[in-house]
Each structure stands twice: as structure tokens, then as C-alpha cells.
There are 2 protein chains.
Amino acid sequence: MAPHLKANTADRILDVAERLVQTKGFNGFSYADISAELGVQKASLHHHFQTKAILGTTVISRHRTRFLGALAEIDAAGSDAPTKLNAYTKLYADVLRKRRMCLCGMLAADFETLPKPMRDGVVEFFAANEVWLAGVLESGRKKKTLRFAGTAAATAAFLLSSLEGAMLVARSFGGVAKFESVVRKVLTELMD
Amino acid sequence: MAPHLKANTADRILDVAERLVQTKGFNGFSYADISAELGVQKASLHHHFQTKAILGTTVISRHRTRFLGALAEIDAAGSDAPTKLNAYTKLYADVLRKRRMCLCGMLAADFETLPKPMRDGVVEFFAANEVWLAGVLESGRKKKTLRFAGTAAATAAFLLSSLEGAMLVARSFGGVAKFESVVRKVLTELMD
DNA sequence: GTCTATAGGTGGATAGAC
DNA sequence: GTCTATCCACCTATAGAC
């Protein structure tokens, strides 16, 4: 709430690290990159985040907190299910507009090379997303504002997969316009 | 055609490099990894592929040739459009079963860190896939074996995105079963 | 909490013998 | 075509002064 004009060093490190993970992947950047960008020595970065694994884990957990906060805000608005799904896809579009990949989508690509705590964070993020989506879908089906075959859980998995894939592909091939075209196709199936 | 019992060194290097890209990403492996696995010194690898960029570019172009060959085989079978789409998704499922990501899907994640020739290869691969898919979709619509709204090109982009995303997510969260569940959902929309 | 300095290892890449 | 040996830049991480 209280807006600090200058974030503290740890947060500024996390900001840069988060962006670098989302654009270059966890193995595509180093402490030296963060050091150069912030004008802070590498040793100072290690003071705040002793190892890269700890830095990565912290990036994930801060991101999950914020993302779940955004979902809570969507819920708090009290809109109907289709509006909630639109708002959800807008979260992804906003990330893509910054030329970034979904944090956990990127880390899913790097998955095999990640330390265990980061892997766990990625899986938790996907699970939380699917739980939230399934809830929205189920409520939409009850109120007849959404239509879909099969379980809400399977439809949630389909939604998450399609959004992640649309981001992944669009970042190199087609851009925001293609992402939004795919999103419209996905949502239309549920809402028409 | 002629089955060599032992592939030549260059091909064996490409085999390992391809698998490492698909599992760890382009920035997640080194010449040392290939060296250890093949029992060949790093300097020898550089004799066959002078730089990592050349190695990566060669992996992509060999993969594109093989993949387009697989699509040509599907076409040669002369099946109807739904059968072709099923065969196409099976190509992806087979990769996932080997616990690998689609080569170009993985490289799409690494995109920002790739040398230009590799970027071009990734984009070409996606473009070729969408062209092929759009052709199958258009022919299916003509013969009323497939139904979809909008253009064949947009539907092809949706298909590709969903398959890439389903692979990306399923590799860390849900496995082959979830991938196939998503695929069934995607194809059912077109075939029901 | 930030710095300088450095350790110890690995990255991609090359030279030159065989 | 494969090897040994080596270069140098960069990596993560630590020690210790300020």
C-alpha cells in the first residue's frame, strides 16, 4: 500500500532476476548481469541471496504471492465467470506485452536443470492456477454462463496449457496479436 | 534407408546435442556434457562443429528435415483430415514419452539468448507447421470431416500453441496422461 | 550492507602432435 | 579425425576490510 519511491536492494535484485528469468531463462543470466544493471557488486548480491538457487526460489515465491493476489482481486470484483476468465487471460497478455514469458512457463522449460526447491515452486504454481481455473469453470457451468464437456479440472488444464503455449510461441512467432487470436479461440469455445 | 550399425561421429554428436537441447535447453548443456557421454574429447567435437551456434543450427536443420519428412509420410498415407491430425499429435506424444520437450518449443523459451541463425530456424519450423496444419484443416472443412470457426490459419496457430503448451506444462506437471487429456479436448472441438 | 580481491571451477574455443 | 595441452573469459561463491 505505502508507495516507497525506492525499493530496497533485495527487492530490486528480485525485480531484475525475475525479468531475466522470464526473458532468458534460469540458465541464461548470471549474477554479473544483475550486478551490471543495478550498479551493485556481485558480492553484495550474494549477501542478499547467498546462492542462485535461493535467488530463484525467492523469485518464484514472491511471484506466486503476487499472482495469487491478482486472482484474489479478480474474485473480489464479484464478476461472472466469463469476465473472470477474460481478466485471467489479460494477466498473461500483459506479461507478453513486456516481451516476457510466464515465469513458471519459462522455468518449466528449464525444469530438468532446476534445484529441487525451484521445481516444487513451479509445480505448486501450476497446481494453484488449475485449482482456481477449475473453480471459475465449475461456477460458470452452474450458472450457465460457460459451457464445456468433461470435467472442470480437465478444462482448466486445457486452458492453462493453451495460454502457456500461446505465450511461448507468440514471443518468437506472431507476437501479441497472434496470442490474442489464440486466446479468443480458446475462450469462444467456452462462452459461445 | 541402408541401416548403419554405427552412426558416424557427427551424427552421434547431433543425437546427443538434440536430446540435451530438448531436455535442458540450449544454455543448459555444454560441449563437456557431450564429450563425457560419447567418450570423445571436446576438441574433437569442435572439429565437427566449430562453434556451439553451428552445432545448434545444424541440430535445428536436421530436425526440420526429419519432421517435414514425417509430415510427408502422414500425407502419403492418404488418410482423411481427422486421422492426419491424430497422427500429428502422436508425433508430439512420442517426444513427450521420451521425457523431452519439442525441440523448437524449448528453443522458443531460449529465444532471446539464441544466435540469429538459430532464431530463424525456430521461426521457420513454426511457420512450416502452421502451413501444414492449415492445409489439413482447410481440406477437412471442405470434406466436412472437420468443423471450426474462423480461418484455417488461426485454427492452426491455436492447435500448435495448445500442443506446445500441453507439452511444456505436462513435462513438469501431469505427464503424458495430462498431455493426452488436453489433446483429446483440443481435437474433440474440431471433430465432434 | 557494500566494497575489493580472489578462489576454484567450467564455459567455448584453438594450436599442434599423432 | 582424434588426441593432449592450453587460453582466457566467465561462472558461482567466499574472505575480509570498511
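In what follows, every chain begins at residue 1, and chains take the letters A, B, ... in the order their sequences are listed. Computation of the quantities below employed the complete heavy-atom set of this structure, encompassing side-chain atoms and omitting hydrogens, waters and symmetry-equivalent molecules.
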> Would you say T113(B) and N27(B) are linked by a side-chain donor-acceptor pair, where the criterion is simply a distance under 3.5 Å?
yes
> In whole angstroms, how far is the C1' atom of dA13(C) from the OH atom of Y31(B)?
9 Å
> I would like to know whether D94(B) and K90(B) meet salt bridge (charged side-chain N to carboxylate O under 4.0 Å, His left out); could you show each step before the answer?
CA-CA 6 Å; D94(B) 289 343; K90(B) 192 174 174 310; 3.1 Å; yes
> Can you pull out the residues from residues 48-62 of chain A that lie within a 4.0 Å heavy-atom distance of DNA chain C?
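The stretch gives H48(A) as the residues lying under 4.0 Å from the strand, ordered by number.
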> Of the nucleotides dT14(D), dT2(D), dG12(C), which one has an atom closest to the side chain of H46(A)?
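For the H46(A) side chain, the nearest candidate turns out to be dT14(D).
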> Is it true that, when you exclude R99(A) itself, more than 12 heavy atoms of the residues, nucleotides or ligands shown sit nearer than 6.0 Å to its CZ?
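Not more than 12 within 6.0 Å, no.
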> For a quick test of reading the model: is some side-chain N or O of T9(A) closer than 4.0 Å to OP1 or OP2 of dG1(C)?
no
> Among dT4(C), dG12(C), dT12(D), which nucleotide sits nearest the side chain of S30(A)?
dT12(D)
> How about R147(B) and D192(B): do any of their side-chain heavy atoms sit closer than 4.5 Å?
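When only atoms from C-beta onward are counted, D192(B) and R147(B) do touch, with a gap below 4.5 Å.
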> So, is H47(A) near the phosphate of dT2(C), with a side-chain N or O under 4.0 Å from OP1 or OP2?
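For dT2(C), OP1/OP2 do not have a side-chain N/O of H47(A) under 4.0 Å.
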> Decide salt bridge (charged side-chain N to carboxylate O under 4.0 Å, His left out) for E18(B) and R62(B); before the verdict, give the C-alpha distance in whole Å, the side-chain angles of both, and the deciding distance to 0.1 Å.
CA-CA 10 Å; E18(B) 183 178 63; R62(B) 189 185 71 160; 3.6 Å; yes
> Decide whether N86(B) and T83(B) meet the rule of one side-chain donor and one side-chain acceptor closer than 3.5 Å.
no
> What does the list of N/O pairs under 3.5 Å between the protein and nucleotides 16-18 of chain C look like, with a distance for each?
none

> How bent is the helix from dG1(C)-dC18(D) to dC18(C)-dG1(D), measuring the angle between the end axes built from five pairs each, rounded to 10°?
0°
> Can R19(A) and E37(A) be said to form a salt bridge (charged side-chain N to carboxylate O under 4.0 Å, His left out), step by step?
CA-CA 12 Å; R19(A) 196 193 67 244; E37(A) 185 163 337; 2.8 Å; yes
> Would you say that L55(A) contacts I34(A) through its side chain, given a criterion of any heavy-atom pair below 4.5 Å between the two side chains?
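A side-chain contact under 4.5 Å exists here.
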> Evaluate the criterion salt bridge (charged side-chain N to carboxylate O under 4.0 Å, His left out) for residue pair E130(A) and K178(B); output intermediate values, then yes/no.
CA-CA 12 Å; E130(A) 290 195 2; K178(B) 173 171 275 181; 2.9 Å; yes
> Which nucleotide, dG11(C), dC3(D), dT2(C), lies nearest any side-chain atom of A32(B)?
dG11(C)
> Ring-plane angle category for F67(A) and Y92(A), please: parallel below 30°, perpendicular beyond 60°, tilted otherwise.
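Plane angle over 60°, so perpendicular.
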> Roughly, in whole Å, what's the span from CD in Q41(A) to P in dT12(D)?
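Between P of dT12(D) and CD of Q41(A): 15 Å.
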> Please give, in whole Å, the distance from dG8(C) P to K42(A) NZ?
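Result: 16 Å.
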> Classify the ring geometry between F125(A) and H63(A) as parallel (under 30°), tilted (30 to 60°) or perpendicular (over 60°).
tilted
> Rounded to whole Å, please give me the gap between CZ in F29(A) and C1' in dT12(D).
12 Å
